[in-house]
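Below is one structure, written out as structure tokens; comments come after it.
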Amino acid sequence: MENITPRRSSINITEQLLLWYDAHQRILPWRAVGRETPDPYRVWLSEIMLQQTQVVTVVPYFNRFIDLWPTIESLAAADVNNVLREWAGLGYYARARNLHRCAQIITRDHAGEFPKEEAELLKLPGIGPYTAAAVAAIAFGKDATPVDGNVERVIARVYRIKTPIKENKLIIKSLASKTTPKARTGDYAQAVMDLGATVCTPRRPLCFTCPLTEFCGAFLHEETHAIPISKKQKKAPKREGTAYVIINTANEILLYRRTDRGLLGGMLEVPSVGWEQDERHSELIRKLTMCIPHSKAITGTVEHVFTHFKLVLRVVVMRVEKNDWHAGLHWYSLDKIESVGLPKLMLKVVKHFRSSAENSNNPM
DNA sequence: ATCCCGGTTA
DNA sequence: TAACCGGGAT
């Protein structure tokens, strides 16, 4: 039996991965096909979107961005608020602001060309160790080894690392570098990440389809379920607040733009109080409540989970005359609310309002 | 309901 | 080291 086909062990782990990648790589809109040269702009844009975000989520956003801004110059020339609008729903909104800043720097200071060296890429906003290595390898074929969560998991299993990933970043990086080929560094990087995403998954890895089982310490010791070691995270505390859906007689909703820094930075929001340190809207709400005390009703709550806390937001609806509130306030048509670019939390509030208004004969 | 997953920045 | 989101699995 063993002589019918060449012994797999005559192929090393790198060659095995590249063979697997040639046959099983995912077809993705930012990937070059065949002998095409990858477009650094598309590689960079995709890698920024892929930070903390899965491929299936990224694909439609990527296509939309490319439609709107096919070149880095066009992205640099865009209004940052339009970039945030298109980013809405992807989360981690600092990525969008850094993306725009980076596009402007590349356009203004680098003649529209990305630097090819990992160390130079690292200096750009929004580009950290992972993305610098990914762009250098994938877009420019440089000898760089991006290490993301997929790579960490694959390496931890193959080398049977049974201590927390967090404590082994350097070891994992050097092991991953050791198996990086001289040529096809971009394909190799994407091969490991594809394998991690589609085969060597966090739970229930599909080892029966894996090209690396003969090299994999975790598989050979039946320990894939126990590697990598997950660090236990402390459970998020709960916060509560009140969101105000303020609707005028033109069926428009009052929205504000948040400050650039911190939570949901730069995004549009429904005014709310009680759950953030900066109570920017408390005065507005106080005045509204005094002027029209009988026009409000709590319609229920929406819940949302952030990185470090859980939020329960009571929803209060207020109806105001269109002319009562105009100076400096930003009204948005409820009919077009889907296209203004609200983060998920605020979308939940608006959707809750709409469904509760539908289900009630007398919502006020 | 409750977990788990994940790069960059300040 | 903590802040920063949304999706998916169980």
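Chain letters run A, B, ... following the sequence lines, proteins first, then strands; residues in each count from 1.
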Comparing nearest nucleotides in DNA chain C, the 5'-proximal residue of the pair Phe309(A), Lys166(A) is Lys166(A)
Sugar-phosphate only, base, or nothing, as touched by Leu50(A) at under 4.0 Å among non-hydrogen atoms: nothing
Distance col, row Thr224(A):OG1 vs His221(A):NE2, nearest 0.5 angstrom, shows 12.5 Å
Taking OP1 and OP2 of dA3(C), is either one under 4.0 Å from a side-chain nitrogen or oxygen of Tyr92(A)? no
Between His281(A) and Tyr256(A) (judged by ring centroids, cut-off 6.0 Å), do the two rings come close enough to count as a pair? yes
Note: contacts of residues 40-47 of chain A with DNA chain C (heavy atom, under 4.0 Å) are none
Query raised in the report: How about Phe306(A) and His308(A): are their ring centroids closer than 6.0 Å?
Result: no
Atom CZ of Phe306(A) and atom P of dC4(B) are separated, to the nearest Å, by 21 Å
Q. Does CD belonging to Glu36(A) count more than 12 external heavy atoms closer than 6.0 Å?
A. yes
Using distance only, find each side-chain donor-acceptor pair of residues 310-317 of chain A under 3.5 Å and give its atom names and separation, not counting sequence neighbours.
residue	atom	partner	partner atom	Å
Arg314(A)	NE	Thr242(A)	OG1	3.2
Arg314(A)	NH1	Glu240(A)	OE1	3.4
Arg314(A)	NH2	Thr242(A)	OG1	3.1

- Taking OP1 and OP2 of dC5(B), is either one under 4.0 Å from a side-chain nitrogen or oxygen of Arg203(A)? no
Testing dG7(C), dG7(B), dT10(C) for proximity to the side chain of Thr57(A), the answer is dG7(C)
Whole-Å distance, Leu313(A) CG to dC5(C) P, equals 15 Å
Touch class at under 4.0 angstrom, heavy-atom based, for Arg153(A) against every strand present | sugar-phosphate
Looking only at dG6(C), dA3(C), dG6(B), the nucleotide nearest the His308(A) side chain is dA3(C)
Regarding the side chain of Val56(A), the nearest nucleotide among dT9(B), dG8(C), dC5(B) is dG8(C)
Give every donor-acceptor pair under 3.5 Å between a side-chain atom in residues 200-208 of chain A and any protein atom, sequence neighbours left out.
residue	atom	partner	partner atom	Å
Thr201(A)	OG1	Arg203(A)	O	2.9
Thr201(A)	OG1	Arg204(A)	O	3.4

note: Lys169(A), atom NZ; dG6(B), atom P; distance rounded to Å ~ 9 Å
Interatomic distance, CH2@Trp87(A) vs CZ@Phe65(A), rounded to 0.5 Å, equals 6.0 Å
Gln54(A) CD to dA9(C) P, in whole Å, measures 8 Å
Among the nucleotides dC4(C), dT8(B), dT10(C), whichever has the atom closest to the side chain of Tyr130(A) is dT8(B)
* Any side-chain N or O of Thr131(A) under 4.0 Å from OP1/OP2 of dT8(B)? -> yes
When rounded to whole Å, the CD1 to C1' distance for the pair Ile227(A) and dC4(B) reads 18 Å
Ranking Arg261(A) and Gly149(A) by the position along DNA chain B of their nearest nucleotide, the one closer to 5' is Gly149(A)
For a quick test of reading the model: is some side-chain N or O of Lys344(A) closer than 4.0 Å to OP1 or OP2 of dG7(C)? yes
Taken to the nearest whole Å, CH2/Trp87(A) to P/dC5(C) is 12 Å
- Message: With hydrogens left out and only the distance checked, is there a donor-acceptor pair under 3.5 Å joining Gln52(A)'s side chain and the base of dG7(B)?
- Response: yes
* Could you label the plane-to-plane angle of the Phe309(A) and Trp275(A) rings as parallel, tilted or perpendicular, counting under 30° as parallel and over 60° as perpendicular? => tilted
Whole-Å distance, Gln51(A) CD to dG6(B) P, equals 14 Å
